[in-house]
*Asks:* 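Here it is, the structure, as structure tokens.
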Amino acid sequence: MIALYTLMEGVIAFFLIAGSIFALIGSLGLARMKDFYMRLHGPSKISTLGVGCVLLASIAYFSLLNGGPSLQELLITIFLFITAPVSAHLLSKSALHQKLPRDPRTRGNPEELQEDDDETTLEEAPQGSSKLP
Amino acid sequence: MLDFALKISVALFAIAIVLNLYRVAVGPSLPDRILALDTMYVNSIALIVLFGIWLGHRTYFEAALLIAMLGFVSTVAVCKYLLRGDIIE
Amino acid sequence: MQHLIILPVLLPLLTGVALLIHRGGALTLRRTANVLSTIALVVVGVLLVAESTDDAIRYYAVGDWQPPFGIILVLDRLSALMVMLTSVLALGSLLYACAGDDEQGSNFHGLFQLQLMGINGAFLTGDLFNLFVFFEVLLIASYALLMHGGGKARTHAGFHYVALNLLGSMLFLIALGILYGTMGTLNMADMSAVVTTLDTADLGLVKAGALLLLIVFGLKAAMLPLYFWLPRAYAAAPAPIAALFAIMTKVGIYSIIRVYTLIFGEQAGPLANLAQPWVWWLGLATLALGAIGVLSARDMRTQVAYLILVSVGTLLAGIGMHSEAALGALLYYLIHTTLVSGGLFLLVDAIAQQRGKAGARIVQSRTLAQPAILGLMFFAGAIAMAGLPPLSGAFGKAMLLQSATTAQQHWLWPILLGSGLASLIALSRTGSTIFWRASGEKTGVTLGPLRVTGTLMLISCAPLMVAFAGPITAFTQATAAQLLDRDAYVESIIARGDTGGDA
Amino acid sequence: MSLLLIVLLPLLGSLLPSLSSNQRRHQCALLTAAMPLIALLVTLRETPGVIAGEVPRLAFSWVPALGLDLALRLDGLSLLFVLLILGIGLLIILYARHYLSEADNMPRFYAYLMLFMTSMLGIVMADNLILLWMFWELTSLSSFLLIGFWSHQSAARKGARMALAVTGMGGLALLAGLILIGQIVGTFDMQTVLDSRDVILADPRYLPALLLILLGAFTKSAQFPFQFWLPQAMAAPTPVSAFLHSATMVKAGVFLLARLHPALAGSQEWLYLVSLTGLVTMLYGAYFALIKLDLKTILAYSTVSHLGLITMLFGLNSQMAVVAGLFHILNHATFKAALFMTAGIVDHECGTRDIRKLKGLWRYMPMTTALAAITAASMAGFPLLNGFLSKEMMLAETLETPLLGGLAWLIPVLATIGSILAAAYSLRYVRNTFFDGKPRELEKTPHEASFPMRLPVLVLAIVCIIIGLFPAFSATGILTTAADAALTMPAPELHLSIWHGFNLPLLMSAIALIGGFMVYVLRQHLFTFHRQFPSRNSLAIFEGAVQRLVRFTQWGIDTLENGSLQRYMLWVVISALAVSGMSLMGIETLKGELAVQKADPLLIVGAAITCFAGLATAFLHRRRLISLIMLSVVGLMASLAFARFSAPDLALTQLAVEVVTVILLMLALFFLPQKTPKESSASRIVRDVLLAAGFGGVVASLNYALLTRPLNSISDYFLEHSVSGGGGHNVVNVILVDFRGFDTLGEITVLCIAGIGIYKLLNRLRLFMPSSDSEGRPWSPDRYPMILASVSQSLLPMALLVSVFIFLRGHNAPGGGFIAGLVTAVALILMYIAHGVEWAQQRLSFQYQPIAVSGVAIATLTGVGSWAFGYPFLTSAFGHFHIPLIGDVELATAMLFDLGVYLTVVGATLMILANLGKVTTSHRPSKQKEKA
Amino acid sequence: MEALFATTTGILAASGLYLALRGRTFPVVVGLTLLSYAVNLFLFSTGGLTTDGAAVISDDASKYADPLPQALVLTAIVIGFAMTAFSVILAMRVRGDVGSDHVNGNRVDEPREDKS
């Protein structure tokens, strides 16, 4: 019985560590990558995974070590896994709409970006000055 | 062991959030900032869950739940703003 | 009838809710409902005043949670008086509004009632945070009503009004935080008891909180460096609303009186009467500035707004004089100035409607359609506001002058009398310009019966208050005595409140 | 009782004329005349008693707090004046009936006149200082109406305003003085005041009181240097002038001197102030009366001069002088009223009052000429007329005054000069008008006035003669009684007679008459002498002064209230900083005795992030969207902080509110400029930064001080009674819906009103609809991204489930109606975002306002419901039920209340957001137009 | 920890106030919102900072966070939200009526520094 507990503890701990590492990597990618299209990958995939792990850990923890199961973690997980892709999708849409500059190493060449590939460069943020509507 | 793991992961998540903040701050583009903000929401969910495990009760999970929902909504809203300007049309 | 005390809050709330549930609906129905409810409110006010005259201080524990834990509504002479005053003023301006101003925008009647609910709640509550809540209720309602009918000037003045009051609310919360964090209670009577037992280390903090509260109330009451929102907002507001707003500054005055006689009254040791010196000087300054404003006004609405400023200054100075006689005198003056200035707002609007494109501006214009009645009312209102006999203003001022101590006389007399003279000169100019310099044929517009009733009702309070000056002053003097006897107040609330009742 | 009649009948008379119309003028006049007539009869009935020495009085208590009683008296002094006022008043009514033209509104005129008469009677009969003051100011007001009666004339309006301003000022000063007297004596009762002269004279407040009262009196009776308003008041119709400037208005000032003489006189201050002012005024008035060209102006200045004479007499501390003064009041009233009426007749018949045009009118109006001659002679102090008697008494008194000590001889000399001038201008008035050749360039050929118009003059002239011939018989009685009232001790033995034998006063009178003749003959030199002074029009000067004052105040107000919100906020902030900073300085140590808890790294990181985000919000504010994103970071962090410090409810609420706020702000931002132009000057920015820093510092130190101090608060009570009394384990929620449910009721009311107010704001709002984003990119074509649409639709049920869950758990676990409401609202808003307004409208086809309002209604009615069980408003009752998966649920009235909260939140939030959305959508089509 | 908390509140309040003193409607609204966040934190903290208190009444729980300030802050948050909403819509209204989003109604094309 004790063994089971220690085992479970180990599993939970593993999930926690793994999750947090995933999340860290995701955020690191967000911070370090060259252009938006690369940065998008990190958070949308890995961070979600990381949080997923943590949620698994908490499910395990509460259901085994601390009272019965409950529906919050489950709901959270479902929410996250449904919504993350959507927000990623929308973000990329808006990025393409804004014709954010892309680093040459970024693969794929969507038509939204083709005509004015060279105009905008990394330096200038797309928040220039403009007339008030 | 569990406490140790908790501490580690809390620290890591904290670092992650700091990194997100960096991205929110420097941009350069709006989608970048929004993306970072979204990630920040996600990470804070994790933080709250960890906090709950540490305290050993679920009181705060509603908070996490709401962050999950509302964070999504606000991300969507901002993207809609960038795309269409008018959020509700 | 044990629930009488809460009726001034519930009655308008329920009426307002009923009126708001459907946006459309027959106009006459809404009007009658609103008027009837307001009349009922007047009745309730009279009953409350009658009940308060036995000098017992009653309270109503909402949710049956005894003080200091639950929220209570307190009925003493002052709160009863203010509630009745509000209802009378409301009735007058409502009658005026029913002549057509209410159609300018949507939901007028419901909002009007909710406004009343906020004001009455602020007057009745015995709990400091609850006071904040009711302040917000009456503020948001006033925002909405100020915007009633729309228009550039209103929007513009409205934004200033809203922004400044938002800042004020923030300060209110900070002050509340400080006071709760040091005293650990929110019930005013309880605070008044706790403040005597304060640890000396906390005195500075409590003082900060108390003075911040003074800033907040001063903002509401339009005290000198904080009055800036008033002239434009009042001049821009629709006439009936402006008339109703005449009570809004008095809410600030009331709060100052309540808090600084009850919580920081004589018993407060090092914190005793800490606001009065400030209020005294700032009040005099406000008075002087108001007089200047009255002279400077280019149109009648602004002039009345500055007249309100004058009265605010007078009241504040009266508070600063800090004596029973002064308190009684200023309460009499408060009743007079609230009703008459309200009536003047209505009157000025009525006049402006008959002057063609000149409107409210003080310039030569066409002859009025009804010079006789309008002139009579203007003459009476002007005399009353300028503080000349034989109308109520003179009595109030004379009593204030009498109640000044020799040291105060040197400041109060010249400024108060000077402001009176300034108002006299300004108003005589206005009157002669509007009624005597008029030329050309009359505009078709005439005053409907409702408008006449509403205006006349408020203006005629000036002679009435003279006729019944005896009983009224007796009441206000008794009120002043009751206010300064804070022990009785605390006794009657806390002594019974030790055991928290369960539901 | 009869006293009250005397005052009230004329007041009634002021109402009567309005009953009759402007057409039936006879009836109008009769109606008006009736009341004063009755009053006069009543007075006459009282007269014998009063002369016999009794003083009828009556008193009702009116305002004890003010020391004001409705107290009247009719002593000799009052009697003299009452008779004058009513008698001359009646003559004036008769005269005005024929003087006023068809164009004038006669009822109005009579109404004003009667009002004035009432207030005058009130002054002379008042037995209470405050009451006297009230009637005093009332005369100013009613005279304002009378002087401005011909309101179409600019001169009338200005003259009226000037008179009101001057006399009003005097009145206010008088009030101050009377209050001082009242405080010295301890009561405002007239008799007590009159009896306590010694107390008053001994009191240090005597001098200020005296000065203030004299200011009142002098302004009223046009004493130098306040004489300037009186000639300008001549713009009034002549009957008004005849009444105001002979018997009443200006006499009020000297009446006050007489009335308070027992209480105030006898001091050096009184002696010098009063008598010298009077002397100066007498000479000044006489001089200008000789110079002026307009008949009424001449008379006006002569009035000023005679009032000066009377004032001087009251000033000389001698019994006889007072008697002389009273006598002259009587005489002056008679002849001056008559003279004014003759001037009126001339004006009426010739159409001008310019003495240069008028000549030799005796041919046309012999009767009037005779009357004018008699009365003018009386004014000049010609023997056998009443003016002579009082003037001689005056001269006699001046000989005995101790005034000016060694230079005492100056007084009689100056007095004589005054009389010389008086004789001169009287002569000039008569000769230049009625004799001395033929009239030139008159509009109309003059003719004798109608008899009823001459009748009043005739009466007065006869009175002049009678008093002049038989003074002892006609005047002694009333004068003695009046003097008794005006003197502390019984009046001296008084033998009025024409002939006292050859003595110095007689010589002086003779000199006066002869000298007057000489001066008149040589007047041209005087005119040439006078021409070298620039002519000043006091009216223009006064108006100019007022204009300048007004312009100055306008400048002041405009510079102070420059319409800049920043400045207004600045003042609020500065005052807040001042008071709180000042109080903080009073604290010796900021830190309280509580031990400081140590901060763990996570907290530090959190705090750092929050501060950074906050600062970023401020400093990136010119790029609004970014600043908004930063704001939401702050919001997120705040809610995490609430969670960290064990306040889950707050965390939830803060989070939900923050998201809704951000969405709302973005919706609004779409219609506002995307960027703030750079317009604040560097200095301004520095100033604001400093202010903000100071404010932050104060807040932080207050916060720290509070955090480190122990607190024993009432909230232990809530912890104890939450389960037992409130039936819930989540104390916060129990407080919200039960302990302090009243707050929550107010709070949802606020929310509801906000929704409705916003609906009002959005109605008929014209919006600036950008067709492209801030970079000028056209908006992306697909309005509702497909994936989003489908996913959000699938999310809706889950969200609603969550909200129900939170709602039900609320009372025992974090959650509750408010948060649940926000969650629902957000979920529905997501529908709006994903599918657009039309789609949502079809499926959510209900109005939001009713929902919000009914929420408030439910909450309120829940509270009212507890009345049925005899409990106060909002008393709760509850019972527990178990629902699987959700847990122990408490079904309570509090639950119903919470439902109300829930509905209000949903309704109000959607009302705000959805209405906003609708507005924008309705504007979409018109976009191109707005761009063009 | 107290010092940390207080500093944060102070900084937030300062930033909010700075924004509230700007010359355009939108920053003013944002600033007041930020200020209200700060004030809420302040008000909340007057009950003291409890790091691991129980949120709900239970027998095994030892210490609780002071519930009263929480309730007050909840009310304050809601009222603040209502006020923010109203003021921001009012800001739109100003833009619509006055034609500029300057708080004093100055036209946009003449960016003038109003003296104060």
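Per chain, numbering begins at 1; letters A, B, ... match sequence-line order.
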*Asks:* How long is the span from the CG atom in A/L49 to the CZ atom in A/F22, to the nearest 0.5 Å?
*Replies:* 5.0 Å
*Asks:* Taking the side chain as every heavy atom from C-beta outward, state whether A/L91 and B/I34 have any pair of such atoms under 4.5 Å apart.
*Replies:* yes
*Asks:* Could you tell me which of B/V26, B/L12, B/N43 has the largest number of non-hydrogen atom pairs under 4.5 Å with chain A?
*Replies:* B/L12
*Asks:* Is it true that, when you exclude A/F14 itself, more than 12 heavy atoms of the residues, nucleotides or ligands shown sit nearer than 6.0 Å to its CZ?
*Replies:* no
*Asks:* Roughly how far, to the nearest 0.5 Å, is OH of A/Y61 from CG of A/L55?
*Replies:* 15.5 Å
*Asks:* Would you call B/F72 and A/F79 a side-chain contact if the rule is heavy atoms closer than 4.5 Å?
*Replies:* no
*Asks:* From B/L37 CG over to A/S87 OG, what is the distance, rounded to the nearest 0.5 angstrom?
*Replies:* 11.0 Å
*Asks:* Can you tell which part of A/I82 gets under 4.5 Å to a heavy atom of chain B, answering side chain, backbone, both or neither?
*Replies:* neither
*Asks:* Heavy-atom cut-off 4.5 Å, strictly under: side chain, backbone, both or neither for B/D32 against chain A?
*Replies:* both
*Asks:* Return the option, out of A/P43, A/G26, A/A84, A/G19, with the maximum number of heavy-atom pairs under 4.5 Å with chain B.
*Replies:* A/P43
*Asks:* Given a strict heavy-atom distance threshold of 4.5 Å, which part of A/I21 is in contact with chain B: side chain, backbone, both, or neither?
*Replies:* both
*Asks:* For A/F36, is it the side chain, the backbone, both or neither that has a heavy atom under 4.5 Å from a heavy atom of chain B?
*Replies:* both
*Asks:* Checking heavy atoms, do the side chain of B/F61, its backbone, both or neither come under 4.5 Å from chain A?
*Replies:* both
*Asks:* Side chain, backbone, both or neither: which part of B/I53 has an atom under 4.5 Å from a heavy atom of chain A?
*Replies:* both
*Asks:* Any side-chain heavy-atom pair from B/P31 and A/L100 closer than 4.5 angstrom?
*Replies:* yes
*Asks:* Side chain, backbone, both or neither: which part of B/V76 has a heavy atom under 4.5 Å from chain A?
*Replies:* both
*Asks:* What part of A/L75 lies closer than 4.5 angstrom to a heavy atom of chain B: side chain, backbone, both or neither?
*Replies:* both
*Asks:* Taking the side chain from A/S47 and the backbone from A/S44, do they hold a donor-acceptor pair closer than 3.5 Å?
*Replies:* no
*Asks:* I'd like to know which of B/L35, B/V78, B/T75 tops the heavy-atom pair count under 4.5 Å against chain A.
*Replies:* B/L35
